[in-house]
Amino acid sequence: MKNIVIFVSGNGTNCENIINHFSGSSKARVCLVISNRADAKALEKARRHNVETAVISKSQLNDSSYLLPVLKAHDTDLIVLAGFLLMIPGYLIDAYKHRMINLHPALLPKFGGKGMYGRHVHEAVKAAGEKETGMTVHWVSRECDGGEIIAQYKTPVSAGDTADDIAEKEHELELKYFPKVIDDLL
């Protein structure tokens, strides 16, 4: 049985979707959800599914002597970043090389990098007049959104779509495909 740890900062729709996907699986389970925000709705959702949760500060995230033992205690096989808004420190990237993935709400390499998260991405897609957008799952590397791409899924963008419309279309892809990509990786 593989152990998945999810890092999240917000509402946790993807987090809950991943928990549900692996519920009852003999292959893997979500054993811990970590957030940098005590008020993240993702923590409530994880607790409702009896998944252990933890809140860490930015200084704890950057402290290898704090975080690595936590991950080791949970026999972490894969770290999944699902809307985690802090930069991952180098020591953690090195310790979990090719065992940490991120979901990005655009078709990388377009619309990636520092400051490109959430609504900012969808507004940039709209402003650029893109005909399609999508989601990218990639390995986490030391370059922000620069890790090797694992999978991409696309959806059309219409001229009349607002940033909210684009966000909704892209989020539908996340809910449909993100757990499957994780499952295939394991």
Side-chain angles (χ1 to χ4, degrees), residues 2 4-25 27-30 32-37 39-49 51 53 78-86 88 100-140 144-186:
K2 301 285 186 181
I4 301 167
V5 174
I6 300 175
F7 284 49
V8 65
S9 295
N11 288 332
T13 52
N14 278 307
C15 177
E16 186 170 40
N17 194 36
I18 294 163
I19 291 168
N20 285 333
H21 179 84
F22 288 101
S23 177
S25 170
K27 183 190 284 189
R29 69 186 183 105
V30 176
L32 177 64
V33 173
I34 293 176
S35 181
N36 61 305
R37 293 185 39 215
D39 64 343
K41 288 186 171 44
L43 297 173
E44 296 170 26
K45 292 174 180 176
R47 288 183 199 115
R48 278 199 307 264
H49 292 280
V51 174
T53 63
L78 182 69
I79 296 173
V80 175
L81 306 181
F84 189 67
L85 298 181
L86 296 180
I88 300 299
M100 184 183 327
I101 62 172
N102 183 47
L103 169 66
H104 187 76
L107 297 171
L108 292 175
K110 290 182 176 183
F111 310 106
K114 190 170 174 68
M116 281 289 127
Y117 62 90
R119 185 169 179 80
H120 301 290
V121 172
H122 307 304
E123 288 171 346
V125 167
K126 173 69 177 165
E130 294 290 316
K131 302 286 187 230
E132 64 182 5
T133 191
M135 61 169 274
T136 301
V137 179
H138 65 92
W139 294 111
V140 176
C144 182
D145 295 327
E148 179 186 348
I149 293 172
I150 297 165
Q152 289 186 314
Y153 297 92
K154 299 175 183 180
T155 188
V157 174
S158 302
D161 283 346
T162 65
D164 288 338
D165 295 331
I166 294 167
E168 186 176 322
K169 288 179 177 184
E170 187 276 329
H171 192 62
E172 287 175 16
L173 294 176
E174 294 176 6
L175 293 174
K176 183 175 182 180
Y177 294 110
F178 197 24
K180 180 187 178 316
V181 171
I182 296 166
D183 203 311
D184 290 348
L185 279 175
L186 296 172

Atom CD1 of I149 and atom CG of L107: how far apart are they, to the nearest 0.5 Å? 8.5 Å
Would you find a donor on one side and an acceptor on the other, under 3.5 Å apart, between the side chain of T155 and the backbone of G134? no
Nearest heavy-atom approach of I101 to V137 is CD1-CG1, 4.0 Å
Test item: K126 side-chain N/O and V121 main-chain N/O as donor-acceptor pair under 3.5 Å: no
Looking only at heavy atoms, what is the nearest atom pair of P179 and L175, with distance? CD-O, 3.8 Å
Taking the side chain as C-beta and beyond, is there a heavy-atom pair between I79 and V140 under 4.5 Å? no
Would you say C15 and H49 make side-chain contact, with heavy atoms under 4.5 Å? no
Write down the atom of M100, the atom of L78, and the distance for their closest heavy-atom approach. N-CD1, 4.1 Å
Sequence neighbours left out, what pairs pass ring pair (Phe, Tyr, Trp, His ring centres under 6.0 Å) with at least one residue falling in residues 114-133? Y117-H120
Taking C-beta and beyond as the side chain, do W139 and L185 meet within less than 4.5 Å on heavy atoms? yes
Hey, what do you get for CG (N14) to CZ (F178), rounding to the nearest 0.5 Å? 6.5 Å
Main-chain N/O of A40 paired to S35 side chain as donor or acceptor, under 3.5 Å: no
How long is the span from the CE atom in M135 to the CD atom in Q152, to the nearest 0.5 Å? 9.5 Å
Which distance, rounded to the nearest 0.5 Å, do you find between the CG of D39 and the OG of S9? 10.0 Å
A side-chain contact here means heavy atoms from C-beta on lying under 4.5 Å apart; do L186 and I4 qualify? yes
Minimum heavy-atom separation for G118 and P105, please, with both atom names. N-CG, 4.3 Å
For A42 and V8, work out which heavy atoms get closest and say how close. CB-CG1, 3.4 Å
Side-chain donor/acceptor of S158 to backbone N/O of D161, under 3.5 Å: no
Minimal heavy-atom distance between I150 and H138, with the atoms involved, is CD1-C, 3.8 Å
Give me the ring orientation class for Y177 and Y153: parallel if the planes are under 30° apart, tilted from 30 to 60°, perpendicular past 60°. parallel
Close side-chain approach of E174 to N17, heavy-atom, < 4.5 Å: no
Before giving the answer on side-chain contact (heavy atoms from CB on, under 4.5 Å), spell out for D164 and R119 the whole-Å C-alpha distance, their side-chain angles and the decisive distance to 0.1 Å. CA-CA 8 Å; D164 288 338; R119 185 169 179 80; 2.3 Å; yes
Heavy-atom check, side chain of E123 versus side chain of I166, under 4.5 Å: no
Do the charged groups of D145 and K114 touch, with an N to O distance under 4.0 Å? no
Give a yes or no on whether the backbone of A106 and the side-chain of E170 come within a donor-acceptor separation of less than 3.5 Å. no
When you measure from the side chain of K27 to the backbone of D183, do you find a donor-acceptor pair of N or O atoms at a distance under 3.5 Å? yes
Could you verify whether a donor N or O on one side chain and an acceptor N or O on the other, from T13 and H171, lie under 3.5 Å apart? yes
Can you confirm whether T133 sits close enough to F111 that some side-chain heavy atom of one is under 4.5 Å from a side-chain heavy atom of the other? no
With the side chain counted from C-beta on, respond yes when E16 and N20 share a heavy-atom pair under 4.5 Å apart, and no when they do not. yes
Trace of the side-chain hydrogen bond (donor to acceptor under 3.5 Å, both in side chains) decision for D165 with T162: CA-CA 5 Å; D165 295 331; T162 65; 3.2 Å; yes
What distance do I6 atom CD1 and I34 atom CD1 have between them, rounded to the nearest 0.5 Å? 10.5 Å
Here the gap from I18 atom CD1 to I182 atom CD1, rounded to the nearest 0.5 Å, amounts to 3.5 Å
May I ask you to decide whether D184 forms a salt bridge with K180, counting only side-chain N to carboxylate O separations under 4.0 Å? yes
